[in-house]
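First the structure, in the form of structure tokens, and then the observations on it.
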Amino acid sequence: MDLNKSYDFKEVENQVIKEFSQMEINPQFAQNTFSIAVPPPNVTGSLHMGHALNCTIQDFLIRYNLLLGKDSVWFVGTDHAGIATQTVVEKNLLKQGIRRSDITPEEFLSKIWEWKEQYGSIILDQFQRLGIYANIKSARFTMDPEYTKAVKKAFVELYKKGYVYKGKRVVNWCPRCLTSLSDLEVVHKPTPTKLYYVKYKLNDGYIIICTTRPETILADTAIAVNPNDKRYSSLIGNYAEVPIVKRLVPIISDQEVDMEFGTGALKVTPAHDFNDFKIYQKNQQIDIINIFNTKAQLVIDKIINEHNKEILESYQGLDRYQAREKIIKDLTEQNLLHKIEDYTTNIGYCYRCDTVIEPYYSDQWFISMKELVRKPKEVVENDQIRFFPSTYKKVVIDWYENIQDWCVSRQILWGHRIPVYYCKDCGYEDASEEELRVCPKCGKNLEQEKDVLDTWFSSALWPFAVMYWPLDKFQKYQQNYYPTNVLTTAREIVFLWVSRMIVMSMFFLNQIPFKDVIIHAVILAPSGKRMSKSLGTGIDPLELIEKYGADALRMGLIIQTAESQDVKFSYEKIEMARNFINKIWNSIRYFQIRKTNPNAKSKLSFQTIELINLWLYLNLYELVNKLDQLANNYKFFDYCMSLYQFVWNVFCDWYIEFTKFMDYSDFEKTVQDALRIILLYLHPLTPFSTYFLYQKIFQKNIMQEKIQNAKDAIQEQIQNIENEGIKCSKIDDLIESIKQIRPFINEIINLTAKQNVTVHYQSFDDQIDHRDLIFLFNTFTKTVHNAVNDHKIDEQLSNYFVINTKIGSIKIFVEKEYISKFREFVDQKIRKLEENVNKIQKLLNNSEFILKADRQVVDNYREQLQNYLQMIEINKTILDQI
RNA sequence: GGGCGGAUAGCUCAGUGGUCAGAGCGCCUGCCUUACAAGCAGGAGGUCAUAGGUUCAAUUCCUAUUCCGCCCACCA
């Protein structure tokens, strides 16, 4: 078989992806398992960089544990993503000229289903392009019939146990999506606006309030001042007249009012402001008036009367911004607008459509959270669930401690309809998993609640619902795969999703849903801005796969995210990964070539060959131990870089170069053992190329191999080394010495334009065969050895420069005409040495240091100093003689 | 307002209480040395944000400051 000169990822990945997709990947229900539940992507979505990173991390863990011999199961699926999907389909229909109001709710709903059937699983196909080890065919969907059972059961149980209540509250309302939102679905952004100072008539004079939303004046039902505010204390209990509507409202006192802000007098609009609603709840005597419809347009029915009829009628139907303009105009005309100031404040926007949120007084369903959060807080506190990075532990605990009730009802169509049934006639209400049609009390027809549940309600059940809770078969999954080992996700859904999964799992199963939570980095655009389609700053992972291959993308993502929280996307790291895969490819290509041309050209002794092979085993052994530890601690970056450095800087740079002087049979076993380790450990990062190459070399499916077997082969050799007391460090010494000499040789070659430089060796260590040592040394440093222990050296000392290395002294010959230039170069080196010597001497002269520093540290310094001094001395003497 | 993270080479990022502070990319020099030019050898380039403190020793620990970013809460 021939491998191409460079790695053609397209050819390999196209072939391998076919084989991956034909594999049967199913839970084995074995003893030793590893499991992950994927954060289900939205059915609206397409693969973005966050998915790509998250998939890579999860697939790494799944494949790594698979190779450890575990029954490694990745539960996958998609989320119906309520508002998001409905919005997308709505826009889509609009493109076809269909407005939502043109069709019935039932028709609209079926359109969404059509859309879901057509596009809903595209993202999972895209996940497959990344090479994930999961059974896409068994993917769950948060609205499939079995999942729906879970949602119903969960809601009904919470309802029956009294955690669900319905109430009229001011909630976040999106006038475009026409639904309520939870606090977490509102994005606050500083927005420049104006502060309007408005005069309200008193019996005698005016009281001036200030507001950012003058249009809500029409819904004012009180004015509030701080009880300690002396300016207004005499007014408390009096009435003021709300401008335009000409309604009298009480002036009340409330601690919440900030005396410093504005005039210290606050207009109270309970139906359209969260704080005002709180004041309303505390003060029974004031009214609440809703003046908007669901689209935030004015409805004046409730406020119109004969005094204001003339002016108010022209407000009917205006949206909130038109109303604002108009009321400012009217106030100005009536001389009731005291002044206007510029002001910047945080305004809430819908996280889906970016419309300004309207606080809106409406009937909503809530889940009472305080009690539900108690156990989740405990399991996080006592590290039953661990967070990586650990700072999130505190963040989550804080959130639990300040928990607010969860508004779970949404006024949209796409979602799980709340399973509560009402009787219009007798007022009967109950929640039920089964559809109820007839009122058990009066026998009339029942109606089901129209609202649907927050999409995050069903997501919160994901880890166990994905395993078919509450069906009977759940128990089998629960025994083997629950809790899942790890959850990896983006930090933006820590509260929205992660913390709520813990709540639901503790409540329904009294079990944690996952043991570890990895919060991965956020990948920003190269500019440092958020990657976003609408801003045009997004980078499409699929395009990167086209350009660099999935393996390069996976590995490139891992080596650019480390543990930091925000990372600017770097193409260089993807290229680095691509080059690395090519490097491995070529190293294997080299061995394939050697295999087919096994011409014996062994130039080294048996002992040296043995030493080099064992040296590699020792390095492999250290590598493997390190990698296992890093993988266990989710240190993916370090794992990746350790492998990278081993393969490139140890295996390729040195071992492969050594094998060039060996016979194929001298290194065949060692190389096979090494490649087995390398490919197996690399497989979780770069599944395509490693699958392909493993197949080529070993004619086996890498995914059915076990890391342990490969480790055993290493372990055996390590035993040998220990038993025989073999000093593999000799090879390290050789390498180090070569690296030490190279700069000098390079300098001479540059000066003289010679291909080779003459050197003399003295007092080489004789643990390695002498001829081998000189041969290797010459080859790697581009030198020619002249004589060994040549006594004639002294006679022409002026032409030589001496360097002490771990394997002996090396005298480099320099032709006379280049000596002075070379001297400059050497002088520089010496100066650097002297700087270090000064530093160390200063330290060693410090008695405090000698007294207090670790013995080992002091000794190391002393040794280092001797080395430097010796080198300087020898070289100086020689330079002096020139 | 409360909380958290970051500032290290031209760029993107690792790392460390002590032994010339590292990688990739970029740059300079020399190489198509038969696995790999997606490569090989060598090199230049850093007061480790600023100011104090702790310590025999600080880029690393502590405090303050400046700048950047994130999260939570939203006083009209």
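Keep in mind it's a predicted model, so treat the numbers as computed, not measured. The chains referred to below are lettered A, B, ... by the order of the sequence lines, with proteins before strands, and numbering in each begins at 1. The figures that follow rest on heavy atoms only: side chains count, while hydrogens, waters and symmetry mates do not.
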Taking only N/O atoms, report every protein-nucleotides 15-18 of chain B pair under 3.5 Å with atom names and distance.
unit_1	atom_1	unit_2	atom_2	d
B:G18	O3'	A:Tyr861	OH	3.2
B:G18	O2'	A:Tyr861	OH	2.8

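A salt bridge between A:Lys782 and A:Glu747 is absent, with no side-chain N of the basic residue lying under 4.0 Å from a carboxylate O of the acidic one. Taking 4.0 Å as the cut-off between side-chain N and carboxylate O, A:Glu575 and A:Lys573 do not count as a salt-bridged pair. Between A:Asp8 and A:Lys10 there is no salt bridge, since none of the side-chain N atoms of the basic residue sits less than 4.0 Å from a carboxylate O of the acidic one. The residues A:Glu256 and A:Lys278 are annotated as not salt-bridged, no charged nitrogen and carboxylate oxygen being separated by less than 4.0 angstrom. A salt bridge links A:Glu358 with A:Arg320: at least one charged nitrogen is closer than 4.0 Å to a carboxylate oxygen. A salt bridge is absent between A:Lys739 and A:Glu736: the closest approach of a Lys/Arg side-chain nitrogen to an acidic carboxylate oxygen does not fall below 4.0 angstrom.
The residue A:Asn836 sits close to a base: some heavy atom pair falls under 4.0 Å. In this structure, A:Asn275 reaches the sugar-phosphate backbone alone: every heavy-atom distance under 4.0 Å involves primed, P, OP1 or OP2 atoms, never a base. Residue A:Arg213 is out of contact with every strand shown, counting any heavy-atom pair closer than 4.0 Å. Within the 4.0 angstrom heavy-atom criterion, only backbone atoms of the sugar-phosphate kind lie near A:Tyr644; the bases stay farther away. Residue-level contact check: A:Ser587 touches the bases, meaning some heavy atom is under 4.0 Å from a base atom. Contact annotation for A:Val268: no contact, since no heavy-atom pair falls under 4.0 Å across all strands. Within the nucleic acid shown, A:Ile656 comes within 4.0 Å of at least one base atom, counting heavy atoms only. Contacts of A:Ser847 with the nucleic acid, taken as non-hydrogen atoms under 4.0 Å apart, are absent.
Base pairing of B:U63: its partner is B:A51, meeting the Watson-Crick or G-U wobble criterion (both donor-acceptor distances under 3.5 Å). B:G22: Watson-Crick or G-U partner is B:C13, with both key distances under 3.5 Å. Nucleotide B:A41 forms a pair with B:U29, judged by Watson-Crick or G-U wobble geometry with both contacts under 3.5 Å. When both distances must be under 3.5 Å, the Watson-Crick or G-U wobble mate of B:G69 is B:C4.
Note: CZ (A:Phe744) to C1' (B:U29) measures 17 Å, nearest angstrom. Rounded to whole Å, the distance from CD on A:Gln740 to C1' on B:G42 is 15 Å. Nucleotide B:G69 holds its C1' atom 8 Å from the CZ atom of A:Arg491, rounded to whole Å. For the pair A:His188 NE2 and B:C74 P, the computed distance is 6 Å after rounding to whole Å. Here the P atom of nucleotide B:C75 and the CG atom of A:Asp276 are 10 Å apart, to the nearest Å. Between the P atom of B:G1 and the CD atom of A:Glu260 lies a distance of 15 Å, rounded to the nearest Å. Counting to the nearest Å, the C1' atom of B:A23 and the NZ atom of A:Lys573 are 8 Å from each other. One interatomic measurement links the two molecules: CG of A:Leu751 to C1' of B:U29, which rounds to 12 Å at whole-angstrom precision.
Under 3.5 Å, the side chains of A:Thr269 and A:Lys267 contain a donor-acceptor pair of N or O atoms. Using modelled atom types, one finds no donor on one side chain facing an acceptor on the other under 3.5 Å when comparing A:Asp254 with A:Asn226.
Projected onto RNA chain B by closest heavy-atom contact, A:Thr212 and A:Asn750 fall at different nucleotides, the more 5' of which corresponds to A:Asn750.
Within 3.5 Å, no donor on the side chain of A:Lys568 pairs with an acceptor on the base of B:U12, nor the reverse. Evaluation of atom-type donor-acceptor distances gives a pair under 3.5 Å for the side chain of A:Asn346 against the base of B:C74.
B:U8 sits 16 Å from B:A51 when the P atoms are compared, rounded to a whole Å. Using atom P as the reference point in both B:U59 and B:C13, the two lie 24 Å apart (nearest Å). When the P atom is compared between B:G52 and B:G10, the two are found 25 Å apart, to the nearest whole Å. Nucleotides B:A37 and B:C25 have their P atoms positioned 15 Å apart, rounded to a whole Å. As rounded to the nearest Å, B:U29 and B:A44 have C1' atoms that lie 10 Å from one another. On the C1' atoms, B:C31 is 15 Å away from B:C36, given to the nearest whole Å. Comparing B:G3 with B:C74, their C1' atoms are spaced 15 Å from each other, to the whole Å. On the C1' atoms, B:G24 is 22 Å away from B:C20, given to the nearest whole Å.
Heavy atoms only, all atoms of each residue included: A:Ile539 and A:Pro526 are closest at CD1-CD, 3.8 Å.
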B/S/- along nucleotides 36-41 of chain B (protein heavy atoms under 4.0 Å) is BSBSSB

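Residues A:Asp666 and A:Phe661 are not in side-chain contact: their nearest non-hydrogen atoms beyond the backbone lie 4.5 Å or more apart.
In this structure, A:Tyr392 does not reach the B:C71 phosphate: none of its side-chain N or O atoms is under 4.0 Å from OP1 or OP2.
Sparse packing is recorded around CD of A:Glu260, with 12 or fewer heavy atoms of other residues, nucleotides or ligands lying under 6.0 Å away.
Of the candidates B:C72, B:U19, B:U29, the closest approach to any side-chain atom of A:Tyr868 belongs to B:U19. The side chain of A:Gln864 sits closest to B:C20 out of B:G5, B:G42, B:C20.
The side-chain tip of A:Lys595 does not point at the ring of A:Tyr664 from less than 6.0 angstrom away and within 45° of straight on.
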